[in-house]
There are 2 protein chains.
Amino acid sequence: MVHPLEETLIARQIAPTPMRLLVLDVLQRHPAALSLADVELLLEHADRITVHRTLKTFTEKGLVHRIEDGSGAVKFALCEPQCTPEQHHDLHVHFFCTRCRETSCLPTVAVPTIALPAAYQVQETSLVMKGLCAGCAGIPTSIS
Amino acid sequence: MVHPLEETLIARQIAPTPMRLLVLDVLQRHPAALSLADVELLLEHADRITVHRTLKTFTEKGLVHRIEDGSGAVKFALCEPQCTPEQHHDLHVHFFCTRCRETSCLPTVAVPTIALPAAYQVQETSLVMKGLCAGCAGIPTSIS
DNA sequence: CGGACGATGCAATGCTATTGCATTGTTTCA
DNA sequence: TGAAACAATGCAATAGCATTGCATCGTCCG
Ligand SMILES: [Mn+2]
Ligand SMILES: [Mn+2]
Ligand SMILES: [Zn+2]
Ligand SMILES: [Zn+2]
């Protein structure tokens, strides 16, 4: 009997090393998407470069997807189980909160199909909405 | 009679300095969105920092909009005449070509309205599509 | 004239991402 | 088992973009 975290990695052809299990664990525990710096902070003594290469491997194997939210740092979030590197099944909208700077996947909000002039060959669509998240919406920006 | 470029700046409450006129001119001449480095290259002897602050001023005054295309560098493109810093009227899709790395505004392709769970307060929507542009679509990636 | 203000330009810094390279750990196979 | 082969790790260094600090310059009043 293998640990569930190990199974997840093995299913994606990723050798389950201690560091990778730690990174996967922290990704699973956190609802919001995490940047490289976030993971580094949450894994107190992890080397930044190793985490970077771990996230790169995860991305290449279809375990996580990259989110460019305009915050300056790329965020990472777990993919759906049926995702592969070639074919992603979690083509959803992402939300970036301008107050708490957290980025979330919105699995229930699919990216709509957009028709482009025929000359374009679309490979990928990224839809990021910015504003106040559920937690921040009720809080005024400052007490004045 | 004032020069048309000067009129454009004055209409946006921007003092028409020589540097600003040069940056506006290069933005008008180029169909694709330009990064800070692009403008710096096109304006041979311009100081990088001054161009940076010029683009920042233009953005704050509603003359240009920022495009985060995931290329690593923010791109800038002219807004429609009726845009203001508070209210943009050019909420269109942007296209990033993965081959020539050019980013274009698609003024004819509007960003669709996306319904989010009520708790979210949306301020802005960014929709970037990636693939091959009209010019690059016909060209194979390499001769093999 | 002289101060106030904005614009400019050089230097320095911050932040994120990435590469080089030596070391360590693990698997393979004779 | 033992050595080669390979993968993973960690430290150092570098690259690239963005931003800030600060002194200077120019212009516009008063
Ligand atoms: Mn997601
Ligand atoms: Mn645009
Ligand atoms: Zn928030
Ligand atoms: Zn192209």
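Naming: A, B, ... by sequence-line order, numbering from 1 per chain. This is a predicted model, so every value here is computed, not measured.
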Which whole-number value in Å describes the distance from [X] [atom1] to [N] [atom2]?
X	N	atom1	atom2	answer
Leu41(A)	dT16(C)	CG	P	10 Å
Glu40(B)	dG9(C)	CD	C1'	12 Å
Leu55(A)	dT9(D)	CG	C1'	15 Å
Lys56(B)	dA18(D)	NZ	P	13 Å
Leu34(A)	dT16(C)	CG	P	14 Å
Arg48(A)	dC15(C)	CZ	P	10 Å
His52(A)	dG16(D)	NE2	C1'	14 Å
Met19(A)	dC11(D)	CE	P	10 Å

Salt-bridge present (Glu68(A), Lys130(B); N to O < 4.0 Å):
yes
Hey, what do you get for [atom1] ([X]) to [atom2] ([Y]), rounding to the nearest 0.5 Å?
X	Y	atom1	atom2	value
Cys83(B)	Leu91(B)	SG	CG	7.5 Å
Asp38(A)	Thr103(A)	CG	OG1	9.0 Å
Asp25(A)	His30(A)	CG	NE2	9.0 Å
Phe76(A)	His65(A)	CZ	NE2	10.5 Å
Leu24(B)	Leu78(B)	CG	CG	6.0 Å
Ile114(A)	Thr125(A)	CD1	OG1	7.0 Å

If you count the non-hydrogen atoms of other residues, nucleotides and ligands that lie under 6.0 Å from CD in Gln28(A), is the total more than 12?
yes
Tell me if the CD atom of Glu60(B) is crowded by more than 12 foreign heavy atoms within 6.0 Å.
yes
Quick check on DNA chain C: between Ile49(B) and Pro18(B), whose nearest nucleotide comes earlier from the 5' end?
Pro18(B)
Which one, dG9(C), dT9(D), dA17(C), comes nearest to the side chain of Asp47(B)?
dG9(C)
Axial bend angle, the helix from dC1(C)-dG30(D) to dA30(C)-dT1(D): five-pair end segments, nearest 10°
0°
Minimum heavy-atom separation for Phe58(A) to Arg20(A), with atom names?
CZ-O, 3.6 Å
Taking all non-hydrogen atoms of both residues, which atom of Val64(B) and which atom of Leu55(B) are closest, and how far apart?
CG2-O, 4.1 Å
Arg20(B) side chain near dA7(C) phosphate (N/O to OP1/OP2, under 4.0 Å)
yes
Is there a side-chain polar atom (N or O) of Thr17(A) under 4.0 Å from OP1 or OP2 of dA8(D)?
no
Heavy-atom contacts under 4.0 Å between residues 66-75 of chain B and DNA chain D, which residues?
Gly72(B), Ala73(B), Val74(B)
Reckon Ala15(A) touches a base, only the sugar-phosphate, or nothing at all at heavy-atom distances under 4.0 Å?
sugar-phosphate
Do the side chain of Arg53(A) and the base of dG10(D) come within less than 3.5 angstrom through a donor-acceptor pair of N or O atoms?
yes
Extract from the structure each pairing of a protein N or O with an N or O of nucleotides 23-30 of chain D at less than 3.5 Å, listing the distance.
none

Residues in side chain to side chain donor-acceptor pair (under 3.5 Å) with Thr50(A), at least two apart?
Asp47(A)
Sequence neighbours excluded, the answer for side chain to side chain donor-acceptor pair (under 3.5 Å) partners of Arg53(A) is none
Tell me if the aromatic rings of Phe95(B) and Tyr120(A) count as close, with their centers under 6.0 Å from one another.
yes
Contact letters for nucleotides 22-29 of chain C, in which S counts primed atoms plus P, OP1 and OP2 and B counts the base, heavy atoms under 4.0 Å
--------
